[in-house]
Protein chains: 2
Amino acid sequence: MSQSSHASTASTLHEVARIAGVSPSTVSRILNGTARVSDDKRKAVEAAIANLSYKPNLLAQGLKKGRAMTIGILTQDLASPFFTEALMGVEAALAGSGYAPLIVSGHWHADEEAERVELLMARRVDGIVILSGSLSDKQIGRFAERLPIVATGRRIDTGQARGIALDQLEGARLATDYLLELGHRQIAFIAGLPEHDDARARLAGYRAALEAAGIAFNPALVVQGNFQESGGLLAVNELLETRQRFTAIFCANDQTAYGARLALYRRGIRVPDDISIIGFDDLPNSNYTTPPLTTVRQPVYEMGKQAARTVLQLLNGETPTLTQLPLELIMRESARRIL
Amino acid sequence: MSQSSHASTASTLHEVARIAGVSPSTVSRILNGTARVSDDKRKAVEAAIANLSYKPNLLAQGLKKGRAMTIGILTQDLASPFFTEALMGVEAALAGSGYAPLIVSGHWHADEEAERVELLMARRVDGIVILSGSLSDKQIGRFAERLPIVATGRRIDTGQARGIALDQLEGARLATDYLLELGHRQIAFIAGLPEHDDARARLAGYRAALEAAGIAFNPALVVQGNFQESGGLLAVNELLETRQRFTAIFCANDQTAYGARLALYRRGIRVPDDISIIGFDDLPNSNYTTPPLTTVRQPVYEMGKQAARTVLQLLNGETPTLTQLPLELIMRESARRIL
DNA sequence: TTGAAAGCGTTACCAG
DNA sequence: CTGGTAACGCTTTCAA
């Protein structure tokens with residue numbers, strides 16, 4: 001196209017060999033520790049490597065070995081703290097393994113997700129971690145015919161595919177039970193997007209807890225959110241306008257809770273004095289809201305870590321050991337006993 | 001090592017050629033649109049590609065072409081909303097360019113950062129975006145001898161290296177001036193980590209604004225934070241314990257402001273009625289704190305976008321057009337006129 | 001212990 | 001318009 005003042009080209013294994021006065025094979029052997037080499041040659045090679053500051057071309061290596069030493073990560077939303085935390089876990093699990101993460105995002109759109117996975121495979125990643133998303137189990141299964149895949153938020157266990165699911169229903173029950181224990185009887189629920197399995201499971205947990213406590217489910221207390229702050233804000237406004245009576249709000253996730261809390265603040269309704277709020281996720285921020293948010297902690301970091309570790313195990317032909325990660329109620333200050 | 005039930009191996013260009021009854025060269029030409037091919041052969045090849053669901057091996061392609069179609073991104077902290085937003089900008093700029101981002105993180109540690117950059121180069125990325133960090137301009141310059149690099153938070157413009165810096169001092173002045181306008185005279189400042197250029201520039205901006213307004217700088221009103229919520233919390237406690245009088249707090253970043261706000265909440269001090277708070281960054285969350293946080297918006301998304309776009313331009317041998325991105329005061333509800 | 005040579009999956013040059 | 005061939009940088013037999 002146009003000529004750019006181009007980079008000083010990187011040194012190759014051949015040059016190292018030439019300078020050290022040995023064959024390329026020998027250099028390769030030293031690099032990979034794949035056979036014994038006499039001390040003098042080793043010295044010469046190491047010197048050459050140092051002063052050329054030679055670094056093997058990972059592309060060539062990957063092509064030759066058939067392994068690119070890369071794990072593909074399909075995330076949905078780089079901006080969401082939830083995914084971000086999972087990513088950190090993945091990063092931690094991969095650290096020191098020799099595998100580098102290749103992160104792409106699918107934006108919750110099945111077509112885009114599939115395309116991204118194809119891209120990862122075209123780059124010959126060795127395994128893939130899928131963080132939630134809208135791909136069907138069937139599609140994932142098909143991809144897993146080619147390489148190991150671990151997907152979160154799913155229960156699969158076929159061939160080279162594994163799923164790591166957290167018990168959302170149980171988490172929602174935990175939250176609702178706690179509110180019940182505190183004496184609340186009219187508990188509103190701001191739901192997540194119904195197309196998300198997680199959202200439906202949380203709603204189910206809320207209902208289950210209510211029923212177990214012998215409280216009739218009141219549909220007017222359930223209002224649709226969108227897993228975002230904006231949805232929480234709107235939902236509370238709606239709740240207030242329809243003049244429902246309630247003393248607590250259970251939000252389908254923390255972001256929703258932030259929005260709900262702001263809506264209450266706008267009307268001068270105090271938390272937790274007038275109304276209790278409880279969230280779901282335990283985002284890092286929830287420790288610093290006013291008041292700090294009582295919520296259900298999802299071990300997202302650990303989940304990411306386990307997912308990546310599992311891919312690594314699959315890659316080594318080991319049998320992965322998947323342990324169920326528990327959700328946990330984090331009691332802070334946004335919910336309190338009803339007087 | 002151990003034998004795993006291995007993946008069905010991917011199809012190659014040769015197989016496509018064989019099935020379509022043409023030579024590999026022809027397939028390659030069709031794939032790359034690099035020469036005219038007769039319609040019947042094209043049809044045959046396309047059919048073969050479709051039913052093998054063939055995808056070119058990007059490793060081989062990269063090796064051959066010398067371009068891996070990858071842009072390396074060095075970030076510092078995957079969990080920080082600040083970096084996350086920049087990443088989104090990068091992602092947006094890269095979308096549709098054919099280049100994929102390869103994200104690694106350096107955790108604010110120069111050695112680790114350098115190592116990561118080496119890793120990126122070993123993978124033969126075509127260009128690199130460095131989001132802040134502790135690398136010296138000199139080091140970056142050296143790296144840039146090999147490939148185009150755009151770094152944020154720096155002013156460099158040598159060879160293949162470019163810097164994109166936001167005017168931190170100006171931003172801090174904006175915030176301080178605003179507080180001054182609102183009638184505040186005793187303005188505390190919670191500083192960032194002194195080893196960050198940005199932190200020092202913001203402190204300088206604060207002092208400059210004070211001086212311009214003829215207000216003596218009071219060192220007792222400046223307390224050290226750490227750019228995290230915890231630092232803000234501690235800093236406010238310290239301020240309160242030393243019994244300094246102040247009516248407003250300017251925090252070196254939004255996270256600090258969140259912590260500061262919580263410290264105030266804990267003591268029953270109202271914001272903004274008793275004390276005004278102003279932050280720096282405008283993180284997504286700042287729209288949903290109680291009260292919503294008045295802050296200085298850094299166009300981080302745009303910065304990431306511009307950084308990636310610039311790398312692309314450098315790669316094409318175009319002359320990048322860098323425009324200075326302005327900081328902007330976002331007036332929300334955490335600061336108000338003093339009575 | 002060492003080197004030569006073949007090949008990983010592509011692309012690009014050169015004939016035809 | 002098309003096919004053969006060499007080469008990208010590396011690893012891995014196979015001989016020596």
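To find a chain, count down the sequence lines: A is the first, B the second, and so on, and within it residues start at 1.
A side-chain donor-acceptor contact under 3.5 Å links Gln139(A) to the backbone of Ser136(A). Checked by atom type and distance alone, the side chain of Glu113(B) pairs as donor or acceptor with a backbone atom of His109(B) at under 3.5 Å. The backbone N or O of Gly159(B) lies less than 3.5 Å from a partner atom in the side chain of Arg162(B), making a donor-acceptor pair.
In this structure, Ala307(B) and Thr152(B) approach most closely via the heavy-atom pair CB-CG2, 4.4 Å. The shortest non-hydrogen separation linking Gln313(A) to Thr321(A) is OE1-N, 3.7 Å. Contact detail for Asp126(B) and Met69(B): the closest heavy-atom pair is OD2-N, 2.6 Å.
Heavy-atom distances under 4.0 Å link DNA chain C to Val22(A), Ser23(A), Ser25(A), Thr26(A), Arg29(A) of residues 21-29 of chain A, given in residue order.
The closest side-chain donor-acceptor pair between Ser25(B) and Ser28(B), if any, does not fall under 3.5 angstrom.
Put simply, NE2 on His14(A) is 11 Å from C1' on dG3(C), counting in whole angstrom units. Note: NZ (Lys41(A)) to C1' (dG3(C)) measures 9 Å, nearest angstrom. We find that CE of Met69(B) is positioned 15 Å from C1' of dT10(C), with the value rounded to whole Å. When rounded to the nearest whole Å, the span between CG of Asp40(A) and C1' of dT1(C) equals 10 Å. Between the NZ atom of Lys65(A) and the C1' atom of dG9(C) there is a distance of 18 Å, rounded to whole Å. dG9(C) atom P lies 21 Å from atom CZ of Arg67(B), rounded to whole Å. Remark: P of dA12(C) and CZ of Arg36(B) are 19 Å apart, rounded to the nearest angstrom. Distance Arg124(A) CZ to dG9(C) P: 8 Å, rounded to the nearest Å.
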Taking distance alone, no hydrogens or angles, what donor-acceptor pairs closer than 3.5 Å link side-chain atoms of residues 91-105 of chain B to residues at least two apart or in another chain?
residue   : atom : partner   : partner atom : Å
Glu91(B)  : OE2  : Ser105(A) : OG           : 2.2
Ser97(B)  : OG   : Leu94(B)  : O            : 2.6
Ser97(B)  : OG   : Tyr99(B)  : N            : 3.1
Ser105(B) : OG   : Glu91(A)  : OE2          : 2.3

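Between Asn57(B) and dC8(C) there is no side-chain N or O to OP1 or OP2 distance below 4.0 Å.
Between His196(A) and Phe227(A), the ring planes are tilted. Angles from 30° to 60° get that label.
At a cut-off of 3.5 angstrom, the base of dT10(C) holds no donor-acceptor pair with the side chain of Lys64(B).
The nucleotide range of DNA chain D contacted by chain B, defined by atoms under 4.0 angstrom from heavy atoms of the protein and reported 5' to 3', is dC1(D) to dG9(D).
If you find the closest nucleotide of DNA chain D to Ala35(B) and to Gln61(A), the one lying nearer the 5' end belongs to Ala35(B).
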